[in-house]
A.B. asks: 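Mind having a look at this structure? Questions to follow.
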Amino acid sequence: MQQEKSNIRLNERLAASRELLKELFRKLYAGHQYEEQEFEQLVNIIKRAFDQRPEVLKKRDLEKQSGEINPWFLLHSLCGMSLYVDRFCGTLEKVNDHLDYLQSLGVNLVHLMPLFQSPEGESDGGYAVSDFRKIDSRFGTLDDLLRLQKNLQDRDMYLMLDIVLNHTSHHHEWARRARAGEKKYQEFYYFFKDRSIPDEFEKGMPEVFPESSPGNFTWIPESEQWVMTVFHHYQWDLNFSNPAVLCAMLENIFFYANMGVDVLRIDAPAFIWKKPGTTCQNLPEAHLILQIIKQAVQIAAPGMALLGEAIVAPSELMNYFGTDKMKGKECDLAYNATQMALQWDALATADTRVMLAAQHELSKKPRGTSWITYTRCHDDIGLGYEDEMIRFAGYDAYAHRTFLKNFYTGHYPGSPARGTLFGVNEKTGDARISGTLASLCGLEQALLENDDSVIENAICRMILMQAMSFFIGGIPMIFYGDEAGYLNDYTFITDPGKQYDNRWMHRPLINWSKNELTRVDGTIENKIFTSTKKLLDIRKNLNAFADTGNLYWLNTDNNHVAGFIRTDEMNPVCCLFNFKDKQNAIPWQCLNSKGKLPEKFFEHWNKETVIPERESEMMNLESYQFKILTAV
Ligand code: GLC
């Protein structure tokens with residue numbers, strides 16, 4: 001009976017989507033030798049995935065669709081944490097012992113950084129996968145992962161994993177067979193006999209890791225050919241113009257879906273289609289692939305949300321939610337990398353204008369989709385927003401970026417930040433920034449100075465940054481260690497597998513006795529942890545923080561202070577953030593959205609009632625203060 005019902009559901013969904021799937025597939029592969037065959041193969045993969053989907057997950061799919069807030073991932077009760085299992089606690093099994101810790105903070109979505117087999121020393125933090133189905137023995141086994149997933153589910157927590165779509169490790173079976181000369185597998189990658197086509201490609205392609213892996217191709221002596229390697233030389237780019245690659249990767253996606261993954265992070269989707277004469281990023285075909293994946297997942301595993309990790313310019317970023325008739329039918333979630341970088345911009349300049357200039361673009365996000373909002377992650381901070389936005393705020397784009405790089409590496413006079421440049425490209429002058437939230441906000445330097453007020457200031461900056469990213473809309477994603485104030489760790493320099501990549505300085509090795517201090521009153525760890533928790537509690541208690549497309553920016557009449565309203569029929573919330581280390585005043589009137597200023601507000605951070613002072617008509621915000629106000 002149950003089985004019958006669910007088959008009806010599959011057939012209905014398949015019937016509703018088959019034409020669209022076919023159309024998308026045809027746009028990509030029309031004229032391909034095996035077009036028809038591969039399409040049938042794709043449909044069979046979807047059917048098989050549904051057949052194999054455990055009943056408990058099918059039930060969960062339905063539950064996720066029937067909540068008050070739909071889709072489920074718009075909920076304001078969600079908060080994630082990204083962590084490296086080995087650096088957090090050792091093994092998958094041990095993660096179970098730390099779920100209470102995560103829940104006590106308010107985290108209910110766990111992003112386990114790549115877990116699948118990846119050669120040590122050539123792993124790019126697990127993003128060079130040599131087997132998509134086998135857990136790396138460093139972390140445990142597949143059964144350990146399934147047990148953890150079950151435990152999360154029993155606790156009403158969610159699981160997020162990566163699918164590394166763009167490339168495999170050069171030790172993956174496909175790569176090994178390609179290297180050995182098997183034509184079928186050479187067609188899984190981009191192989192070239194000489195430099196003529198690679199040279200054509202190179203003209204348009206930027207370099208992702210110019211210091212450690214310059215160029216986009218690697219010479220393979222065994223087969224005497226060049227292979228495309230956009231990231232590191234040991235990460236071979238998959239060739240999605242071959243439909244067999246799409247089918248094979250879709251099978252891997254469903255393998256993860258059927259393990260109970262709730263959010264699938266699609267790594268580096270901007271890169272999955274290549275064409276000479278272009279940058280080989282953000283191409284229309286890359287979007288078609290994502291749309292096919294979305295349709296397929298929607299049919300067989302509709303409870304799994306897709307997160308596109310496209311760290312690209314704001315105007316490109318929006319396209320990952322789908323455009324035109326596919327609007328809202330591509331990625332469900334995307335990293336709000338623009339907002340993240342612009343908060344760092346505002347913190348350095350104490351000026352919110354560049355951040356505001358980007359909001360016009362960001363506000364185009366379709367309803368029903370959402371962001372991952374964050375201040376730090378395992379990657380560097382790129383300053384990839386458009387020059388136009390910087391100029392709009394009255395700055396020279398080149399000078400402004402130079403200032404930011406100097407500021408966050410502590411070279412600008414008076415800067416409290418301690419970061420390091422990453423991905424310096426001597427040819428273009430580009431560079432990104434590595435460092436932990438705490439070190440970039442000045443805690444590392446403050447501890448050296450051993451001055452309580454400087455330490456306090458650094459903590460205020462950290463919490464201001466977190467607050468804005470928690471309240472702006474989307475699922476907050478905390479990077480592990482930031483809740484306890486971890487500083488940069490420079491020991492990666494001594495590890496040959498890591499020393500070429502300074503992103504390891506902000507991927508901490510957790511010391512649980514330090515994390516225990518989060519429970520000891522008066523410690524720095526406790527201050528940061530309890531403040532982070534308090535922010536999440538506020539978020540959970542106010543429905544306006546569900547991401548229902550309800551964000552409206554306020555004109556605060558003060559460049560140091562950013563403000564927005566999250567509207568809600570019952571209880572709209574005004575959020576104000578002072579990015580300057582001085583007191584600042586803004587007119588109360590800027591909160592007047594309906595023609596009449598409420599007589600009283602409740603401020604949720606300090607838990608106090610505030611009454612607008614009509615005489616002065618100005619509201620004060622202290623240095624780095626934020627206010628979360630609802631009318632009472
Ligand atoms: C993504 C990951 C990054 C990795 C790259 C290549 O951007 O976040 O860590 O180096 O993809 O897989």
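Whatever order the structure lists ligands and atoms in, that order sets their numbers, starting from 1.
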A.B. asks: What is the closest protein heavy atom to atom 7 (O) of ligand 1, and at what distance does it sit?
C.D. replies: E309 OE2, 3.0 Å
A.B. asks: Please identify which of these residues, R176, H233, Q235, E122, meets the side chain to side chain donor-acceptor pair (under 3.5 Å) condition with H170.
C.D. replies: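 Option passing the side chain to side chain donor-acceptor pair (under 3.5 Å) with H170: E122.
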A.B. asks: Can you report which non-hydrogen protein atom sits closest to atom 10 (O) of ligand 1, along with the distance?
C.D. replies: D124 OD2, 2.7 Å
A.B. asks: Judged on heavy-atom distance to atom 1 (C) of ligand 1, which of D267, I311, D379 sits nearest?
C.D. replies: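 Answer by nearest heavy atom: D267.
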A.B. asks: With sequence neighbours excluded, what pairs up with Y486 under the side-chain hydrogen bond (donor to acceptor under 3.5 Å, both in side chains) test?
C.D. replies: N515
A.B. asks: Compare all side-chain heavy atoms of M340 with those of I381 and state whether any distance is below 4.5 angstrom.
C.D. replies: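 In contact.
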A.B. asks: How does R265 reach ligand 1, if at all, at less than 4.0 Å between non-hydrogen atoms: by side chain, backbone, both, or neither?
C.D. replies: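 It is the side chain that touches ligand 1; the backbone stays farther off.
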A.B. asks: Going by the order shown, which atoms of ligand 1 are within less than 4.0 Å of some heavy atom of F209?
C.D. replies: 10 (O)
A.B. asks: Which residue holds the protein heavy atom closest to atom 5 (C) of ligand 1, what is that atom called, and what is the gap in Å?
C.D. replies: F231 CE2, 3.7 Å
A.B. asks: Whether D482 and R376 form a salt bridge (side-chain N of Lys/Arg under 4.0 Å from carboxylate O of Asp/Glu) is what I want to check.
C.D. replies: no
A.B. asks: Quick check: does any side chain N or O of Q343 sit under 3.5 Å from a backbone N or O of M465, one acting as donor and the other as acceptor?
C.D. replies: yes
A.B. asks: With respect to W226, which candidate in F201, W219, F192 satisfies the ring pair (Phe, Tyr, Trp, His ring centres under 6.0 Å) definition?
C.D. replies: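 So, applying the ring pair (Phe, Tyr, Trp, His ring centres under 6.0 Å) to W226 and each of F201, W219, F192, only W219 qualifies.
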A.B. asks: Using a 4.0 Å cut-off to any heavy atom of H167, which atoms of ligand 1 qualify?
C.D. replies: 6 (C), 12 (O)
A.B. asks: Looking at ligand 1, is there an atom of it that comes within less than 4.0 Å of some heavy atom belonging to R503?
C.D. replies: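 Heavy atoms of R503 do come under 4.0 Å of ligand 1.
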A.B. asks: Please report the shortest heavy-atom distance between T436 and N488, naming the atom on each side.
C.D. replies: N-OD1, 2.8 Å
A.B. asks: Counting only heavy atoms closer than 4.0 Å, does ligand 1 sit against the backbone of F271, its side chain, both, or neither?
C.D. replies: neither
